Every structure is written in C-alpha cells, then in structure tokens.
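Notes follow the structure.
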There are 2 protein chains.
Amino acid sequence: MTTNPSPISDPTSAEMHWSRWGDPAHAGPLAESAFALVDTFIGTTETPAVDSAEVRLTDPLDAALVSELAGIVGDDNVLTDHETRLHRTRGKSTPDLLKLRAGDGSDSPDAVVRPGTHGEVVAIIEWAVEKHVAVVPFGGGTSVVGGLAARRDGYAGVISLDLVRFDKLVEVDRDSMTVVLEPGLRGPQAEKLLAAEGLTLGHFPQSFQYASIGGFAVTRSSGQSSAGYGRFDSLVVGLTVATPQGTLELGNSPANAAGPDLRELVMGSEGAFGVVTAVRLRVRPLPEVRTYEAWRWGSFAEGSAAMRILAQAGMLPTVLRLSDENETAINLAKPTEVGGESSGGCLMITGYEGTPEAVEAKRAAVTAILAGLGGENQGPDSGQSWADGRFHGPYLRDSLLDVGVLVETLETVTFWSNLENVYTKVKDALVSALGESTLVLCHISHVYETGASLYFTVATKAQADPLPQWREAKSAATAAMVHNGASVTHHHAVGQDHKPWYAEEIGPVGVRILRAVKAELDPTGVLNPGVLIP
Amino acid sequence: MTTNPSPISDPTSAEMHWSRWGDPAHAGPLAESAFALVDTFIGTTETPAVDSAEVRLTDPLDAALVSELAGIVGDDNVLTDHETRLHRTRGKSTPDLLKLRAGDGSDSPDAVVRPGTHGEVVAIIEWAVEKHVAVVPFGGGTSVVGGLAARRDGYAGVISLDLVRFDKLVEVDRDSMTVVLEPGLRGPQAEKLLAAEGLTLGHFPQSFQYASIGGFAVTRSSGQSSAGYGRFDSLVVGLTVATPQGTLELGNSPANAAGPDLRELVMGSEGAFGVVTAVRLRVRPLPEVRTYEAWRWGSFAEGSAAMRILAQAGMLPTVLRLSDENETAINLAKPTEVGGESSGGCLMITGYEGTPEAVEAKRAAVTAILAGLGGENQGPDSGQSWADGRFHGPYLRDSLLDVGVLVETLETVTFWSNLENVYTKVKDALVSALGESTLVLCHISHVYETGASLYFTVATKAQADPLPQWREAKSAATAAMVHNGASVTHHHAVGQDHKPWYAEEIGPVGVRILRAVKAELDPTGVLNPGVLIP
C-alpha cells in the first residue's frame with residue numbers, strides 16, 4: 001500500500017498568471033510526446049500572447065468613489081493599478097484566456113476592494129446600492145463559465161470584491177465534526193489550517209490550488225474525491241450571507257423539516273443573491289493513508305457499468321474515475337505522459353483514503369467486485385501517476401494555446417440510463433461543429449447511485465479568430481446536453497456562458513422563482529449582474 | 001439472524017378514524033401495566049369523544065361552485081357530505097384530536113375534490129384562483145403541525161384537494177434505480193407496488209401506514225430507517241409541481257451545479273407553492289434480510305456518544321435509535337409492554353437490512369464498535385419487539401386521551417455539541433409548564449455525522465380545557481429549542497403550529513425569500529393559506 005504525500009504539499013504561487021493557469025514556472029514544458037501527437041493530428045502554429053502591459057482594461061473607478069470605498073476598508077484595500085485589476089479580469093475559461101492573450105481586457109473591474117470583516121462587506125454592498133456600482137465577488141478567480149464577467153452597462157462602475165482577507169479558520173467543533181471557514185481561503189490554505197487540527201474537507205477539484213471556500217459553495221463545486229467525501233454542497237452545513245436586505249444566517253442543524261432548505265438556494269447562487277462571508281462545513285479526520293490504483297476495462301461501457309454497480313452497492317472508493325478509449329489512448333489522465341505509450345482499453349483510477357484498516361477493507365471489497373466484473377488490476381503505479389499529476393491538467397491547455405491549438409473542457413451529468421446517449425450526442429455535436437481533426441476525450445469522475453457526470457476535453461486547430469469557432473461548438477454541445485435531458489453543468493456552474501440553456505433546463509416557472517428571489521434580495525441588481533439569473 | 005416479515009404486511013383500513021389514529025380495531029386495549037402506570041403517576045378520568053354526527057363542520061361549498069368543480073373532475077369526485085369532509089378535517093396532532101373530540105370541526109373543508117390527472121389539478125388551481133377559493137392539498141391527513149388547517153377568512157371557500165386517485169407507479173428505471181410515483185400513494189401502497197418489482201424506498205416513518213408520497217416530499221419526512229436509506233428528501237430526485245403560474249419540472253440528474261437546487265425549495269413547501277403531482281425517487285433492492293437487536297447503555301449520554309461515533313465512522317446500521325432513561329423505564333419503545341418490567345439504563349435498537357452478507361458484515365462491524373464502547377448486547381428479542389410495535393405508538397395516545405391524559409410528541413434536531421443542552425432545556429421547559437406530575441420521555445431516532453434529532457413524548461393530566469394547557473407547554477418547549485440554536489422540527493414540518501418560531505429560525509431575510517417565492521408563484525394566496533409562510 002502506497003502512502004503518498006498530501007496534495008496540499010504542492011507549492012504554488014498565491015496568485016495565478018494573468019493569462020495562463022496557475023504558476024507557469026510550475027507547468028514545465030509540453031512533453032515531446034504530447035507535442036508530436038498534437039502536431040501530427042491537429043497541426044501547430046506559434047501563437048504568442050500580448051504582453052500584460054498591452055492589455056486594454058476599463059478606466060479605473062472614479063477617484064471620488066475610490067475615496068468613499070477607502071473610507072470603508074482603508075486606503076491599502078482599494079486598488080486600481082493595472083496589474084491588480086488585470087489579475088481579476090474574467091476567469092480561466094478558454095475564451096477568457098483567448099481574449100486576454102489578444103489584449104482584450106474589457107471585462108476588467110474598475111477597482112479591486114478587499115474588505116476584512118462581515119461588517120465591511122455589508123457596508124460595501126450598501127454603498128454599491130447607493131451609487132449603483134456593480135459588485136463582483138472574487139475568490140480564486142478560477143471560473144470557467146463567465147462567472148466574473150459582470151454586465152457593465154447602466155452601472156456607475158464595476159468593482160471586484162476580493163475576499164482574500166477572509167482567510168481564517170474561525171471555529172472547530174470536534175464533537176460535531178464541523179468547522180467554520182472564511183470564504184477567501186484557497187484550497188491549500190484551508191487544508192493546511194485543517195491539517196494542523198488533524199482534519200480535512202477532502203475537497204480536491206482540479207482547481208484546488210487556487211479556488212476558494214466561498215467559490216466552492218456558491219458554484220456547487222465537486223472534487224476528485226467526491227465518491228468518498230461528497231460534493232461540496234453536501235459538506236456545507238451553514239452559511240452567513242450579506243445581502244442588500246440584511247444578513248442571512250442559515251444552518252442550525254444537519255438537516256431538518258423546517259420548510260425549504262434555504263442553504264440550497266444560496267449554494268449555486270454565484271454571488272447574485274449575496275456575498276458569503278462564512279461557511280460552516282462538515283470535516284473528516286485527516287486520512288492516515290492515501291493509495292491509488294489503476295484498472296483496465298475493455299470498453300467505456302464496461303467500465304461505467306462497473307462504476308454504477310459500485311455506487312448502487314454502497315461500495316465506493318474515495319476516488320473513482322474512468323477515461324474513455326480516446327482519453328486512455330493519449331494518456332490524458334497522466335499529464336506528463338500525454339502522447340506516450342498507452343495500455344489501451346479504458347483506464348479507471350480507484351483511490352482509497354482513511355485509516356489503514358478502513359482503506360484495506362474497502363480496497364478488498366471494491367477489488368473483489370471489479371475483478372468479478374472483468375476489470376484488470378494494473379496496480380498502484382498508474383494510480384500514483386494520476387495522483388501526482390492531478391492538478392497539472394490545466395497547464396497543458398496553455399502550452400497548446402501557445403501553438404495555436406484550441407483546447408477546452410465541458411461537463412454534464414445525467415441518470416445512468418441516459419449516460420451512453422448523452423456521451424454519444426455530445427461527442428457527435430463537437431466533432432460535427434469543429435471538424436474531423438478534432439480530439440474529443442471524455443471521463444467519468446463523479447458517480448451517484450442514480451447517475452454520473454461526463455467530462456469532455458476537446459482539442460482542435462484554432463482558426464484565425466477562435467472565439468466564434470468555440471462559441472459554435474460550445475452551443476452545439478450544450479444544446480445536445482439539454483435536449484437529451486442532461487444538465488448544462490455538473491460542477492462548473494452557470495455564470496454568463498450557460499445562461500441561455502439554463503433557462504431551458506429549469507423552465508419558465510423556475511426562471512420566475514430565481515428572478516423573484518433576486519428582485520427581493522437585490523432589487524437594484526448590483527450583485528454580479530448578468531450572471532446566473534436568466 | 002431473524003428474518004421478520006416486511007412492515008407492509010400490516011393490515012390497516014385505507015382511511016383513518018375521524019378523531020383517532022388509524023384503525024381503532026387495530027389498536028387493541030391499553031395494556032394493564034400502562035394503565036396502572038399512568039393511573040398512579042398522573043391519574044385518569046373517563047373523557048369520551050362526541051359522536052361523529054355531532055361535530056360541527058363548516059357549511060358545504062356553494063352549489064354553483066360545486067357544479068363548476070364537477071365540470072372539471074366529474075360529479076363523483078366532488079364530495080360535500082358530512083363524513084367525507086369530517087375525515088379531511090385537520091390532521092392528527094393532539095390539539096387536532098382534542099378539538100374534534102369536543103365537536104369542533106371549524107377547520108373542515110367545504111368540499112373534497114379528487115382530481116385524477118395533472119391536468120385536472122392545473123384546472124382546479126386555475127379555477128381556485130379565479131374564484132378565490134383556498135386549496136388544501138390532502139395526502140394521508142397525518143399532519144401533526146396544523147398543515148391542513150388553512151386560513152378561511154377572505155376566501156370564497158376552502159376545498160380539500162384529495163390526491164387519493166394519484167395512486168400509480170408511473171415508471172421504473174432499473175439502470176438508474178429510480179421510480180416515478182404518484183403523490184397520493186400511501187406508504188404501504190407504494191411499498192407493495194415497489195415490492196412487486198423487487199424494490200423498496202426504505203421509508204418507514206411512524207405515520208407510514210397512512211401518510212403519502214407527496215406528503216413525505218413536501219414535509220421533508222424522515223423514517224425509522226433513515227440511517228440506512230436516508231431522509232425522504234435525499235430519496236427525491238425529481239418533482240412535478242402544478243403552480244398557479246404553470247408547471248415546474250425539476251430534477252434532470254442526481255445533482256448538478258446548475259444554480260440553486262429548486263427541488264429543495266419545493267421540499268418543505270407544504271403545499272404553499274404548488275401541488276406535487278409526481279415524484280421521481282431513488283430506490284434500493286428489497287432487502288432479503290431484516291434483523292433488529294437491542295443494546296443497553298448505562299446512560300443517555302453514553303448511548304448518544306456511541307451513536308455519534310458510529311455516524312462519524314460511516315458505520316451506521318439501517319435503524320439506530322436510543323431511548324433515554326425515562327423512555328426505557330416505561331418501555332415506550334415496546335408499545336404493548338408499556339409499564340411492564342424494564343431492564344433499566346437506556347435501550348438502543350440497531351436494525352440491519354440488505355443481503356445476508358451485507359447485513360452480517362455491517363452487524364459484525366457495528367457490534368465490535370458498540371461492545372468496545374461498553375454497550376451490552378441484549379440480542380434480537382427486544383429488537384424484534386420494537387419492530388413489531390413500530391407503528392403502534394400513536395394508538396396509545398387515543399387510549400390515554402380517553403382517560404383524560406394529555407399526550408403529545410415534539411421533536412427537534414441540532415449539532416452533537418449542543419445535543420445534551422437542548423435535551424435538558426426542552427425537558428425543563430415542559431416540566432416547568434406542565435407541573436411535576438408530567439412524564440417527559442425522549443429518544444434519538446435520526447443521526448448524522450454532525451448531529452442528531454431529539455424526539456420527546458409528553459404525558460400529563462389534562463385540565464378541563466387542555467388546549468391552552470398544551471399551547472403553553474408547546475410554546476415553552478419550542479422557544480427552548482430555537483433559543484438554544486436547535487430547529488423547530490426535525491421531521492414534522494412547520495404548518496400553522498411552528499410558524500412564529502420558524503420566522504425566528506430563518507430570520508427576517510429568510511422570511512422575505514419565502515414571501516417573495518410565494519408572491520411570485522401564488523400571488524392571490526389560494527394555496528394552503530396560513531401554512532408555512534410567516
């Protein structure tokens with residue numbers, strides 16, 4: 001049994017590069033095998049980004065307004081310089097990066113404001129309502145759905161409400177196994193504070209190194225260990241939310257029958273209803289052991305049937321993922337080996353975390369089921385290779401954008417009986433929109449008793465203007481999801497990008513409910529305008 | 001290992017007695033030991049109910065309106081006779097029964113309407129909006145929180161929308177392990193239909209024999225097997241809801257990140273936002289084995305600590321309950337043995353359901369933990385005795401009301417670190433309000449990683465007018481819950497009775513959200529007026 005180091009030991013810079021994922025020094029060059037694969041199949045063209053100084057941002061916020069904000073948070077916490085605003089311009093979707101790489105910073109905030117207390121957040125919201133300034137809550141800046149690109153028209157300005165100073169572990173309740181965390185804590189910061197207490201959230205999405213606790217909550221994030229620790233929304237037991245109408249304190253118990261669960265209205269609200277200033281979360285003991293293994297399946301259908309059987313038997317490992325034939329063939333699950341030799345078939349990763357006894361018991365039970373279903377156990381090496389590269393995937397995209405290859409991901413979720421249908425329809429829609437020389441890869445990374453997610457990675461030759469090229473492909477793929485009964489998103493949220501299909505997904509009565517809540521809590525519409533609400 | 005018959009084999013009449021729980025023929029007389037206990041401790045006085053014909057109901061609905069309704073659902077499905085209306089008057093709380101026993105039927109519906117299709121429900125709602133008639137959705141009539149006592153003033157009448165004809169299993173999706181059930185199915189009806197498919201919901205609240213699928217959903221019911229099968233809200237994956245603004249179709253996937261989870265707004269809405277006409281539910285295989293055991297603990301604190309350890313170890317049996325010292329002393333967990341000899345200490349019931357292998361594995365693991373913590377395994381006899389009497393508890397209340405003893409239950413939920421505090425404060429509030437000769441019994445029947453429920457049973461000598469007597473005690477107990485950070489209800493819902501404290505629980509911003517959704521979906525307020533919304 002392998003005991004590998006905690007994922008939080010990975011060193012990263014605190015702030016991401018303005019037009020690339022994470023810390024480029026951490027990325028390493030594109031593997032030769034990956035470059036060769038892409039060059040042969042898609043073709044490459046050097047496509048450098050502009051210099052950061054050349055990006056055209058909006059005008060900084062009016063000096064009188066800046067001065068008023070400084071009166072609330074202090075001079076040091078209102079910033080209007082180019083670099084600070086550039087780093088809070090949009091999120092990290094491929095269209096976001098393409099725009100910045102081309103010098104388009106038109107969605108920049110006019111100022112970045114850094115409150116330190118709930119009271120300061122309340123005061124900023126009151127001020128924003130009075131001055132009709134749009135407020136974009138900022139956690140990690142990892143949105144890939146346009147969640148940070150608020151509508152500007154009609155507003156006196158747009159400010160980024162950076163929650164970076166909300167970085168404390170406020171409370172530990174060991175009996176109840178809950179903690180209160182502030183929303184600006186990034187994944188590694190939160191896990192370090194919890195590790196010192198012998199605790200973990202167990203929430204490790206691919207964005208873990210930069211995304212924030214508040215962001216996880218308001219976007220219904222789901223991590224790579226969701227099979228064992230649960231989706232982030234299942235970890236949230238309480239929320240403090242500053243709204244223009246006052247503060248909402250939710251979550252006095254694990255669950256109750258006291259009316260609608262209003263926590264579930266705040267989760268997924270993407271800053272449109274209020275700003276989360278504290279989150280009470282269920283925690284687990286820090287695992288003594290973490291071990292990962294690989295399995296090989298003859299086909300995606302066989303592998304996914306095995307996942308369904310595990311989920312419905314209540315016998316899930318902590319991590320459970322399955323790459324389809326294409327993703328397995330190019331080794332996407334092992335970012336440093338992309339394009340290298342593959343074992344073929346479909347690669348499954350199983351991971352186990354906990355006490356040595358619990359890990360061994362679960363591993364034995366899962367192994368018996370998978371072996372009985374025809375899976376070939378390939379041992380811990382490939383599993384460890386996946387674990388080592390688990391946060392590396394997004395760096396590949398930057399290397400490919402540099403050589404004129406358009407890369408993006410999209411994801412959905414549906415019931416098991418509809419999974420193969422949605423898988424086929426989305427793939428067909430992407431290839432049909434982007435042409436034959438397009439790589440479409442897929443994996444299942446989140447499973448439930450009743451269904452599973454599908455996560456697609458797409459690579460194709462970028463056209464001269466790749467934005468409309470991708471827009472068309474994204475439209476076709478998302479329409480294929482919704483028209484086939486799947487959701488527009490399993491864990492990326494709605495933002496600006498999914499809104500048209502989201503309205504179709506929840507229907508006209510659902511849209512009326514959201515609009516009514518928005519109108520009640522934020523009648524002047526200053527909170528993240530244009531995001532979520534159709 | 002004992003394999004006992006399915007709980008659905010219990011014969012019951014389809015409709016409950018008008019002023020008593022269930023089918024009185026099924027109740028049997030009060031055990032002599034129970035009568036002796038109550039007579040000694042509290043004192044008894046014969047207190048018979050009036051005859052059903054003497055109950056004063058409201059006037060039947062205006063004939064012209066009846067005729068319009070008949071145009072929608074047919075003559076046979078609009079009923080205004082005394083018996084039919086009497087049987088849909090209020091729910092089954094002790095105040096509900098006391099009023100009826102005294103001849104007060106002032107909350108009766110003016111007509112009972114029985115639609116058979118979603119379209120008929122939509123048409124009835126449209127008609128009700130037009131005529132300004134209040135609509136009270138009726139499933140099993142088991143509410144204990146005033147959920148069926150709509151406000152009358154200002155309305156042209158009040159109709160009971162009886163969903164009894166919504167009694168079909170609409171769809172079985174074996175791959176996804178989901179089914180679609182109609183809302184009027186009572187517990188046993190639903191389980192019989194599912195058993196024929198080899199499936200079960202595993203949802204067995206004490207109201208199981210009469211309560212309905214729709215009622216379970218809109219009140220966030222929780223059953224005696226919640227540790228194994230989950231709360232009812234965790235079983236719901238989809239809902240069809242008829243509202244005055246159109247139909248809401250929710251739930252295209254197990255979970256997603258597509259905005260707020262609107263299913264969680266309908267669950268707990270108690271008919272105030274719309275009428276549920278179909279529910280998609282997660283199901284499990286029908287268990288091959290059901291086995292129950294008893295454990296004895298030295299104190300409530302020791303037993304509840306053991307429950308917490310099981311929950312936080314992810315090692316929960318299917319059923320897990322713990323009676324406090326008082327409840328154990330009078331044998332309340334075994335309704336036919338109340339007042340008989342008790343083993344003392346605190347009685348815990350553990351139940352296991354599933355395949356023989358899964359049951360044996362879980363039982364071995366749980367047994368090792370409980371024995372290690374100092375629990376004394378008392379074997380299957382007491383466990384089976386609990387299982388045999390599991391739906392019998394409510395009948396005891398009727399026998400006691402007959403002899404002038406006021407009996408009622410109330411329940412709450414909080415985090416583990418607050419459990420003992422809330423337990424003590426609620427007991428003190430009840431004894432302080434009702435006097436020393438009051439029995440207060442308690443059990444924990446629903447546990448989570450982060451907390452647990454507390455379910456209190458109270459018995460005291462009824463005063464000449466027991467309604468204000470109980471109102472005062474209920475107020476004191478509920479205030480003790482809310483002021484000590486617990487919820488007004490774990491699984492009984494809000495109704496009319498919990499509204500004042502519920503407003504305090506969700507705070508002014510929470511109240512504004514509910515009112516905004518209500519105003520949007522039901523602007524003229526015809527749906528269950530007076531219920532839920534503060």
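Quick note on labels: first sequence line is chain A, next is B, and so on, each numbered from 1. Everything quoted here is computed from the prediction, not taken from an experiment.
- Interface remark: A:Phe232 contributes no atoms to any contact with chain B (heavy atom separation under 4.5 Å).
- At least one side-chain heavy atom of A:Pro260 sits under 4.5 Å from a side-chain heavy atom of B:Leu532.
- Among the residues in residues 411-420 of chain B, those with a non-hydrogen atom closer than 4.5 angstrom to a non-hydrogen atom of chain A are B:Val413, B:Thr414, B:Phe415, B:Trp416, B:Ser417.
- In this structure, A:Arg263 does not pair ionically with B:Glu264, as no charged nitrogen and carboxylate oxygen lie closer than 4.0 Å.
- The distance from atom CG of B:Asp261 to atom CE of A:Met267, rounded to the nearest 0.5 Å, is 8.5 Å.
- For a residue to count as touching a neighbouring chain, one of its non-hydrogen atoms must lie under 4.5 Å from one of that chain's; by this rule A:Thr247 touches chain B with the backbone only.
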Hey, mind stepping through A:Leu262 and B:Ile513 against side-chain contact (heavy atoms from CB on, under 4.5 Å) and telling me if it holds? CA-CA 9 Å; A:Leu262 298 178; B:Ile513 293 173; 4.1 Å; yes

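- Here the side chains of A:Tyr448 and B:Ser253 are not in contact, with every heavy-atom distance at 4.5 Å or above.
- B:Arg515 has no carboxylate O lying under 4.0 Å from a charged side-chain N of A:Glu520, or vice versa, which leaves the two without a salt bridge.
- Ranked by heavy-atom pairs under 4.5 Å with chain A, the first of B:Ala257, B:Gly268, B:Gly251 is B:Ala257.
- Of the atoms belonging to B:Leu514, it is side-chain heavy atoms, and not backbone ones, that fall under 4.5 Å from chain A.
- Contact detail for A:Ala258 and B:Ser487: the closest heavy-atom pair is CB-OG, 3.7 Å.
- For B:Met177 against A:Thr450, the heavy-atom pair with the smallest separation is O-CG2, 4.1 Å.
- Interface summary for chain A: among B:Ser221, B:Gly314, B:Ser234, B:Pro254, the most heavy-atom pairs under 4.5 angstrom belong to B:Pro254.
- Residue contact with chain B, scored on non-hydrogen atoms closer than 4.5 Å, involves the side chain of A:Thr178 exclusively.
- To the nearest 0.5 angstrom, B:Asn256 atom CG is 13.0 Å from A:His492 atom NE2.
- Using a 4.5 Å cut-off between heavy atoms, A:Ala255 touches chain B through backbone and side chain atoms alike.
- If you measure heavy-atom distances from A:Ala486 to chain B, the contacts under 4.5 Å come from the backbone alone.
- Applying the salt bridge (charged side-chain N to carboxylate O under 4.0 Å, His left out) criterion to B:Asp522, with sequence neighbours excluded, gives B:Lys518.
- Contact count against chain B (heavy-atom pairs under 4.5 Å) is highest for A:Asn252 among A:Thr355, A:Asn252, A:Leu265.
- Counting heavy-atom pairs under 4.5 Å between each of A:Arg308, A:Arg231, A:Glu270, A:Arg174 and chain B puts A:Arg231 at the top.
- Taking each heavy atom of A:Val494 and B:Gly259 in turn, the nearest pair found is CG2-N, 3.7 Å.
- To the nearest 0.5 Å, atom CD of residue A:Gln312 and atom OG of residue B:Ser176 are 7.5 Å apart.
- Of the atoms belonging to A:Glu449, heavy atoms from both backbone and side chain fall under 4.5 Å from chain B.
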